[in-house]
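A quick write-up on the structure given underneath.
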Amino acid sequence: MVREWDPRTASSAEIVSMLDTLNAVLAVDLPQDPPWRESSLREYLAEVMPGERRISWVAQAEPATDGTPGALLGQVNVLLLGNIGVLEVLVHPAARRTGLGRDLVLRAARRVYQEGFESIGVEVVGDTPAIAFYESLGFSREYVETRSVLDLSAVDWAELAEMSTGVGAGYHVQFHPGGPPDELIEAYARAKAEIRDIEDGELRPSSYDSQRLRDSLDCLHRRGMKPYIVLALHEQTGEVAGLTEVVVPAQHPTRADQYDTIVVQDHRGYGIDRAIKARMLMELRSAEPQLTEVQTWNAQANEAMLKVNAELGYRPDRDWCEYSVDVADLVHRLDNSR
Ligand SMILES: CC(C)(COP(=O)(O)OP(=O)(O)OC[C@H]1O[C@@H](n2cnc3c(N)ncnc32)[C@H](O)[C@@H]1OP(=O)(O)O)[C@@H](O)C(=O)NCCC(=O)NCCS
């Protein structure tokens, strides 16, 4: 049975069942990834940025003979932002190839269509069944990034300490757990607006103005994801010359996510990129002692960023693809194939 589902009001048993399905999916599709924990999972599924909406449906197994509710074997959610619906679909490995994934997508696509949105986008992990699934539904590949993972146990910390100090004269590197301090929010947002070395895909927009930046930090905190920031201040102007962002999610606190890294055009060539990333890793080592890995996503054309990441010890792991489809086409195709 597929039904609309609201994580804010779902029972604890349903949240746990969702977690079991997610971890069963990870175990077969991404066995090197750490399993997720229940910590802040409800908030992770429920909280969104102002102006955005996430709508979810679940597929639930039949109740047991004693009346115990059935497990949640599948889930779809769509995040409505701007003019696009961003889709996420999960089907328990034991329930695959029965048409459930297709049914879940149809359910979400119909709503996205009714709401007047034109297209649906989805992130798809390379080398998993999801590639054939979305291609069978007529989605086309828009963009490919590489996910890389840094194993912190293999890091040469003495070398890293040296890298962290290798920044040109006239810059001051600062570490800010929780986000940039209020007095730097404007300068921080300006740096993000001016230029961005894309470490995130199109489906994960970055924050360009100070209000959106505040909202985005607030949303991260509400979802149980702790942001850490290292920035390089240009001493002469007080401008933010470079920044790097890492988030430690309560749901998988041993593997952190690297978000944006930006060096503003005028400040390139002074070793800022390498120095701020090295400083971040050193700070995280003491701030988050349970951390064992950091993952990052890079455009394959971004050679400068890939070179610095390789020096830091990141190893390429998987392709991470963005697919999209016209909603009206998708709904008609799926309706006609039933
Ligand atoms: C992708 C996914 C949702 C598919 O769910 P599903 O219920 O098995 O899909 P369906 O049964 O509706 O399949 C529809 C069509 O997709 C294609 N397809 C699905 N799985 C496939 C596979 N393993 N190989 C080839 N084609 C496949 C087929 O054309 C299939 O039609 P068919 O069975 O009639 O041949 C499921 O594999 C899944 O949850 N993957 C994890 C997704 C994810 O987000 N992971 C994130 C962490 S890795």
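Just so you know, ligand 1 is whichever comes first in the structure, and atom 1 is the first atom listed for that ligand. Throughout, numbering of the chain's residues begins at 1 and tracks the sequence.
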- request: List every atom of ligand 1 that sits less than 4.0 Å from any heavy atom of Thr98, numbering the atoms from 1 in the order shown and giving each element.
  value: 11 (O)
query: Should one rank Leu104, Leu90, Val28 by closest heavy-atom distance to atom 46 (C) of ligand 1, which comes out on top?
result: Leu90
message: Starting from atom 43 (C) of ligand 1, what is the nearest protein heavy atom, named by residue and atom, and what distance separates them?
response: Val89 O, 3.7 Å
query: Got the closest protein heavy atom to atom 40 (N) of ligand 1, with its distance?
result: Arg96 NH2, 3.3 Å
query: Using 30° and 60° as the class limits, which term best fits the ring planes of His234 and Tyr171: parallel, tilted or perpendicular?
result: tilted
- line: Looking only at protein heavy atoms, what sits closest to atom 15 (C) of ligand 1 is Ser136 OG, 3.5 Å
- line: re atom 22 (C) of ligand 1, the protein heavy-atom contact at minimum distance is Arg97 NH1, 3.1 Å
task: Take atom CD of Glu183 as the centre, draw a 6.0 Å sphere, and report whether it contains more than 12 heavy atoms from other residues, nucleotides or ligands.
output: yes
- prompt: Should the heavy atoms of other residues, nucleotides or ligands under 6.0 Å from CD of Glu4 be counted, would the total exceed 12?
  reply: yes
- request: Taking only heavy atoms of Ala130 into account, list the atoms of ligand 1 that are under 4.0 Å away from them.
  value: 1 (C)
message: Return the closest protein heavy atom for atom 11 (O) of ligand 1 as residue, atom name and distance.
response: Gly99 N, 2.8 Å
- request: List the atom of Val246, the atom of Ala256, and the distance in Å for their closest heavy-atom pair.
  value: CG1-CB, 3.7 Å
task: Within a distance under 4.0 Å of any heavy atom of Val25, pick out the atoms of ligand 1 and give their elements.
output: 41 (C), 45 (N)
- prompt: At what distance is the nearest protein heavy atom to atom 13 (O) of ligand 1, and which residue and atom is it?
  reply: Phe133 CD1, 3.7 Å
message: Looking at every non-hydrogen atom in both residues, tell me the closest pair between Gln75 and Leu45 and how far apart they are.
response: NE2-CD2, 4.5 Å
field: Salt bridge Arg54-Glu47, side-chain N to carboxylate O under 4.0 Å
entry: no
message: Show the atoms of ligand 1 that are less than 4.0 angstrom away from any heavy atom in Leu30.
response: 48 (S)
query: Is any N or O atom of Gly101, backbone or side chain, closer than 3.5 Å to an N or O atom of ligand 1?
result: yes
message: Check contact between Thr128 and ligand 1, using heavy atoms of the residue and a distance below 4.0 angstrom.
response: no
- prompt: Taking the six-membered ring where the residue is Trp, are the ring centres of Tyr228 and His176 under 6.0 Å apart?
  reply: no
- prompt: Are any of the side-chain heavy atoms of Leu233 and Gln174 separated by less than 4.5 Å?
  reply: yes
query: Of the protein's non-hydrogen atoms, which lies at the shortest distance from atom 34 (O) of ligand 1, and what is that distance?
result: Arg102 NH2, 3.6 Å
- prompt: Does Arg141 count as lying over the ring of Tyr323, i.e. NZ or CZ under 6.0 Å from the six-ring centre, within 45 degrees of the axis?
  reply: no
message: Heavy-atom pairs closer than 4.0 Å: do any link ligand 1 to the side chain of Asp29, the backbone, both, or neither?
response: side chain
- prompt: What protein heavy atom is closest to atom 39 (O) of ligand 1, reported as residue, atom name and distance in Å?
  reply: Val91 N, 2.6 Å
- prompt: Is Arg3 close enough and on-axis enough to Trp57, meaning under 6.0 Å and within 45°, for cation-pi?
  reply: no
